[in-house]
Amino acid sequence: MATVFYRSGYSGAIDSVDPGVMADLRPELKNENAGHIVGVATNDAFEYGVYHSAGARVTAWFDGYLNTPGRHEGIDVAYQSGADVFAVLGGTVTRVTEGSDATDALSTLAVYNATYDKTVVYLHLNPLGFAVGQSISKGQKIGDEAARGAPATHTHVEMRPGRQTAATFSSDTTLVNPVPTQFWMDRGYNACCQ
């Protein structure tokens, strides 16, 4: 599989092409600064890591908003309302906010991993009853897919440098977080290719 990105560094619009298939790239990718990667057969799909289901799909890549203003600081993954959500990295809980299923009631679960000095922030899910300071293991169930603080059910997964307690906002015009693709690929997730 070959995957082409708008902008180098695995960010922006994305198209994947299977081996031996001729395809026309999306308009957002034509005649632009592009990066690419050719398959990563040994890694699990990022969306599988979040939902443990082959039916899950990435709905917005890092900095991959096409129809929404602002920059996208995480990876949005969706499966089905109420589906189990799993931790893609272990660590210590730094924040739990349980919102409701309304666009102004954002849920947040932030988990800090000291080994990598990174915080993974999960938004919109219905988090389980965790407490700040509690340990979470990679692959542990952390909540259920919901639409808490979003118009549609999905899980926003954001990797932030250092110990953090909150995510960034999509209305921001400048990216704060580094492109997470290599970090996730080094952790065993194919976070770049569909």
Side-chain angles (χ1 to χ4, degrees), residues 5-12 14 35 37 40 43-51 58-65 68-78 85-99 104-143 145-146 148-150 154-193:
F5 301 85
Y6 173 77
R7 298 188 193 91
S8 55
Y10 312 129
S11 65
I14 183 173
I37 190 167
V40 181
N43 287 356
D44 288 331
F46 185 78
E47 55 271 32
Y48 185 85
V50 176
Y51 288 104
V58 171
T59 56
W61 294 98
F62 180 84
D63 199 23
Y65 277 162
T68 302
R71 308 299 287 272
H72 190 234
E73 297 273 4
I75 300 172
D76 288 350
V77 188
V85 177
F86 299 90
V88 291
L89 192 67
T92 304
V93 175
T94 59
R95 179 178 178 174
V96 181
T97 303
E98 293 192 42
D104 61 349
L106 180 66
S107 278
T108 303
L109 176 63
V111 180
Y112 174 68
N113 184 290
T115 301
Y116 302 114
D117 193 28
K118 307 284 188 214
T119 301
V120 179
V121 182
Y122 304 88
L123 301 180
H124 312 305
L125 74 163
N126 175 18
L128 295 178
F130 294 108
V132 171
Q134 187 172 348
S135 292
I136 289 179
S137 300
K138 178 181 178 179
Q140 180 178 343
K141 181 180 174 183
I142 57 172
E145 181 178 332
R148 296 179 176 204
H154 72 284
T155 304
H156 173 97
V157 182
E158 187 169 319
M159 185 275 292
R160 301 198 64 195
R163 185 180 180 92
Q164 306 288 334
T165 58
T168 54
F169 294 96
S170 61
S171 58
D172 293 345
T173 57
T174 303
L175 289 174
V176 174
N177 296 327
V179 176
T181 304
Q182 193 62 58
F183 176 80
W184 289 125
M185 290 174 73
D186 291 345
R187 309 284 82 75
Y189 296 112
N190 189 343
C192 70
C193 312

Hey, does [Y] have a side-chain heavy atom less than 4.5 Å from the side chain of [X]?
X	Y	answer
Leu128	Lys141	yes
Gln140	Phe86	no
Val96	Thr108	no
Tyr51	Val85	yes
Asn177	Pro161	yes
Pro180	Lys118	no

Donor-acceptor under 3.5 Å ([X] side chain, [Y] main chain):
X	Y	value
Thr155	Glu145	no
Arg160	Ala166	yes
Ser107	Glu98	no
Arg148	Leu106	no
Asn113	Gly90	yes

Can you find a side-chain donor-acceptor pair between Glu158 and Tyr122 that sits under 3.5 Å? no

Separation of [Y] [atom2] from [X] [atom1] (nearest 0.5 Å):
X	Y	atom1	atom2	result
Phe62	Phe46	CZ	CZ	12.0 Å
Leu125	Leu109	CG	CG	6.0 Å
His156	His154	NE2	NE2	7.5 Å
Thr174	Glu73	OG1	CD	9.0 Å
Gln164	Met159	CD	CE	11.0 Å

Applying side chain to side chain contact (heavy atoms under 4.5 Å, CB included) between Leu89 and each of Val111, Thr115, Val120, Val157, report the one that passes. Val120

Thr59 and side chain to side chain contact (heavy atoms under 4.5 Å, CB included): which partner among Asp76, Val77, Ile75? Asp76

If you compare all heavy atoms of [X] against all heavy atoms of [Y], which two are closest, and at what distance to 0.1 Å?
X	Y	result
His124	Ala150	ND1-CB, 3.4 Å
Ile142	Phe130	O-CE1, 3.5 Å
Thr119	Gly162	OG1-O, 2.6 Å

Specify whether Trp184 and Tyr189 have parallel, tilted or perpendicular ring planes, treating 30° as the upper limit for parallel and 60° as the lower limit for perpendicular. perpendicular

Between Arg95 and Tyr112, is NZ or CZ placed under 6.0 angstrom from the six-membered ring centre and within 45° of the ring axis? no

Side chain to side chain contact (heavy atoms under 4.5 Å, CB included), that's the test. Do Thr94 and Arg163 meet it? Break it down for me. CA-CA 8 Å; Thr94 59; Arg163 185 180 180 92; 3.6 Å; yes

